[in-house]
Every structure is written in structure tokens, then in C-alpha cells.
Amino acid sequence: MKKRTFLDPLFKTSPIPVLALGICSALAVTVKLEPALVMALAVTLVTGFSELILSLLRHTIPNRIRIIVQLMVVATLVILVDQVLKAYAWEISKQLSVFVGLIITNCIIMGRIEAFALKNKPLPSFIDGIANGLGYGMVLVVVAVVRELLGEGTLLGYSVVPEKWYVAAGGFYENNGFFILPPMALIVVGLMVWIYNAKNAKSVWNN
Amino acid sequence: MEQLVNIFVKGIFTENMIFAYFLGMCSYLAVSKTVKTATGLGVAVLFVLVITLPVNYLLHRYVLAPGALGQIHPAWAETDLSFLSFILFIAVIAAMVQLVEMIIEKYSPALYNNLGIFLPLIAVNCAILGASLFMQEREYENISQVIAYALGSGLGWLLAIVSIAAIREKLSYSNIPAPMRGLGISFIITGLMGIAFMSFMGIRF
């Protein structure tokens, strides 16, 4: 049961391709791998701990004002993350700019709190949060790898494509600058959704 | 004046919320099946943006910005509350959305029937909070610039969601590979539209 809670969000009900949640704050940080990794980590922590806290509070929150309570808990956690990033990783926090703040309105967090944390015990909620954050982070990292590799020929800032291949050095290869532009993030995710659905279609039909 | 027009046009085309920053994508994908509902949501977003952005701007300028509290008491001249902006902005947005919903319900039942279901969705729409945070980051000088930005980005969002809804309505007649239907093709079309919007890059007045 616990294993399912953890594994399903990673592969079966992955937040972005299957549920189309949380795209807002995701794609703009996928030009390079490093900010994408930091963003994935930040979202995982915020999702995990906000689900834990709200699951502990689930019997005390009046139903009518639950949305605002949820927003406050999430916003507080995001402020913590933002302050830590500003203190220890100033450069990355500059690159992420407003998108750290936008974790608050990330639909995955609100969606999981509503759907899971308010109905379950703290520990499973925490696991569910971490797993959903990781499932989300995975998509982010894959998109970032594709874009940084094809767009700049580097990964985490280190060049991966051999110098000799480039046209400038007499080779045949050239970076595709298109991948650095915002619209390519959407197209890469679109293709990922395609692959994902094509792979999972069999199991859906067999059911 | 020129500056205002520039901010407005930039908000619609070159810095379009959806195509350049992917803000508000969740509701953009979920509520773009028909043009009618898409227009409803788009108008609601525009409406809430124009109301919340000036409020958040005043809050930022007179309470949160470094040194802003010095105007009240010199002892607070060095207080910097800008780390609180996330929590205050989202609280203002949630409260304003609630307020707008109540006012519309009371005075214009017809409008409420059209917009009502979308308003609660908007409190957690990234486009609204995103616009507030961009407003803070870009340091607009006065409130008219902020209103121009709110109008521009709201209209840009409306334009984006109405056009994707129109395209998706037509798509139901085309033969798309099964795994691509729905979500996948919407992503790709949005990407292509984004590339088209990039051609507005040089616009300036």
C-alpha cells in the first residue's frame, strides 16, 4: 500500500503528462539543467511538507476557509525555500526569479492537498507529497536535459558535445538555438505526453 | 504616454503570459475546449488582474518595499519586509477574488452566471500571482504603468486562451494519432503559436 503511494505518482499517474497539473511554474525554468534540478528539489520539499502539515491539521480546519489556510501554509514554506535559496544559492535564485514564488500556485500542491492530504494520515500524505514532487521534477529534468543538450551542447554547464564536431572547428554539428526559446519547452512536453500515452495505452486497454 | 502604450503592447504580444512565461497553463489547458467557456475564463482573468495588480502595487510600494515603512516612523526606515510579499500577495488575491465574486453575485446575476464558476479557479491561477511578482521585480514607477501592464497581460491571456479554444474546436474534425489527442496536441499547438507570437518581438511605439 505504502509502496503504491510512492511509486504511482512517479510512473503511473505522473503529474505533468497524465494530469496536466503544475505546468505553469515548470517550463520556464527548463532552459538549463541546473535551475531545473533546484526547482524540482524545491517543489518536492514544499509538496511533501505542506501535505504533512495540512494532514496534521485536517480535523481542525473548518471546511469553508480551507483554501486560504492551505495557501497560507504553502506560502510560508515557499518563503522559507526562497530565503534559503537567496542565502546559499544567490545566482540560481536570480535565474529562477519569480518562479520560486509561483510554486505557491502550483496546481500539483493544491491538487494533492485537496485530493490526498485532507483525507489521509500524516505519514502517507508526506510520502505522497514527496513522490508527486519527484514525479513532477523528473519531467522537469528530462525537458531541461533535452533543451540544454540540443540548444547549447552542454549539461550542467559542462560541454558534452566534442569540440571537433562543431562546424567552426571543421566538423558537421551545430547547436540548435531554437531549443533555448520558450515555445520549444511546450513542444518537448507535447512529445513526452505522446510517448507516455503511447506506452501506457496498452495497459489501459487491457484493463 | 508612449511608455504606457509600450508596456500595454508588450504585455499582449512579446511578453505574453502564456507563450513567453507559461503562466496559467493549467486552467488554459483545462478550460479551452470550447470558445464560449474560454472567453468566460479569459475575461475573468483580465478582470481580476486589473483589480488585484494595483492593490498589490500599493501594498508593495507603501508597506513591503525596503524603507517604505520609514514614511510612518523614522525608526522603521531600514525595515525590509519584501520577503513577506509571497504570502501577502496571495492573501490579497484570494480575498479580492472572494470579494469580486460576492459583488458580482449581488449586482449582476447574469455576469455571475457566466463568470461565477471560474472565479474560485482564479485564486490559484499562476498568471495572477505571476503578474504581481513580475510587477514587483520590474519595478514599475507609478500606478498607471501597473494598470497598463495588468490590462496588457490580461488581454494577452484572453487572446491566447480564445485562440487555442478556437483551434481545438476545429481539431475535433482532424485525424490525430490516438496517444496525441487532447493534451499532447494542445501542447504542440501552443508551442507553434508561441513561435508565431515571437514574430512580434520588435514592436515598439
Side-chain angles (χ1 to χ4, degrees), chain A residues 16-30 65 67-68 70-83 86 97-111 178 181-201, chain B residues 16-30 83-91 93-95 97-98 120-121 123-138 176-198:
Chain A
I16 293 184
V18 181
L19 308 172
L21 288 179
I23 309 148
C24 328
S25 54
L27 297 178
V29 298
T30 54
I65 57 158
I67 301 277
I68 202 133
Q70 289 162 11
L71 279 176
M72 289 303 113
V73 171
V74 177
T76 315
L77 287 167
V78 171
I79 289 179
L80 285 179
V81 167
D82 184 49
Q83 294 294 315
K86 272 188 182 145
S97 76
V98 303
F99 293 97
V100 179
L102 286 174
I103 297 176
I104 300 173
T105 50
N106 191 323
C107 330
I108 291 175
I109 302 182
M110 294 298 282
F178 218 47
L181 301 177
M184 282 318 281
L186 290 167
I187 293 181
V188 173
V189 175
L191 294 176
M192 274 181 77
V193 173
W194 188 3
I195 296 168
Y196 204 91
N197 284 350
K199 280 206 135 174
N200 281 10
Chain B
N16 188 293
M17 281 287 183
I18 296 228
F19 300 130
Y21 299 110
F22 320 108
L23 295 180
M25 286 293 289
C26 315
S27 31
Y28 166 86
L29 290 170
F83 70 94
L84 283 178
S85 58
F86 294 164
I87 207 165
L88 279 181
F89 284 176
I90 196 74
I93 291 167
V97 168
Q98 197 84 59
L121 265 180
V124 287
N125 188 321
C126 332
I128 315 278
L129 182 66
S132 288
L133 295 176
F134 272 128
M135 175 268 295
Q136 193 188 24
E137 194 186 75
R138 290 180 189 160
I176 306 162
M180 199 68 165
R181 272 178 207 156
L183 195 56
I185 197 74
S186 309
F187 270 120
I188 296 209
I189 289 172
T190 313
L192 294 176
M193 280 162 74
I195 294 171
F197 264 64
M198 289 185 74

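Throughout, a chain's letter reflects where its sequence line sits, starting with A, and its residues are numbered from 1.
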Any side-chain heavy-atom pair of Phe83(B) and Asp82(A) under 4.5 Å | no
For each of Phe19(B), Phe134(B), Phe89(B), tally heavy-atom pairs with chain A at distances under 4.5 Å, and name the one with the top tally.
-> Phe134(B)
Do Ile188(B) and Leu191(A) have side chains that get closer than 4.5 Å, going by heavy atoms?
-> yes
For residues Pro183(A) and Gly194(B), report the shortest heavy-atom separation together with the two atoms involved.
-> CG-C, 3.6 Å
Got a second to check how far Leu186(A)'s CG is from Thr190(B)'s OG1, nearest 0.5 Å?
-> 6.0 Å
Would you check if Ile187(A) and Leu192(B) make a side-chain contact, meaning some heavy-atom pair closer than 4.5 Å?
-> yes
Can you tell if the side chain of Ile195(B) reaches within under 4.5 Å of the side chain of Leu181(A), non-hydrogen atoms only?
-> no
For Ala94(B) and Leu71(A), the nearest pair of non-hydrogen atoms, with its separation, is CB-CD1, 4.2 Å
Is any side-chain heavy atom of Leu23(B) closer than 4.5 Å to a side-chain heavy atom of Phe99(A)?
-> yes
If one checks every heavy atom of Met193(B) against chain A at 4.5 Å, the contacting part turns out to be neither
At their closest point, which heavy atom of Ile87(B) faces which heavy atom of Ala75(A), and how far apart are they?
-> CG1-CB, 3.7 Å
Pick from Leu133(B), Ile18(B), Leu84(B), Ile93(B) with the largest number of heavy-atom pairs that fall under 4.5 Å of chain A | Leu133(B)
Going by the side chain to side chain contact (heavy atoms under 4.5 Å, CB included) test, name the single residue among Val74(A), Ile104(A), Ile68(A) that passes it with Ile90(B).
-> Ile104(A)
Correct closest heavy-atom pair for Phe187(B) and Gly190(A) would be CB-CA, 3.6 Å
How many angstroms lie between CD1 in Ile79(A) and CG in Leu88(B), if you round to the nearest 0.5 Å?
-> 8.0 Å
Straight-line distance of Leu102(A) CG to Phe86(B) CZ, nearest 0.5 Å = 8.0 Å
Examine whether an atom of Met72(A) lies under 4.5 Å from a heavy atom of chain B, and if so say whether it belongs to the side chain, the backbone or both; otherwise answer neither.
-> both
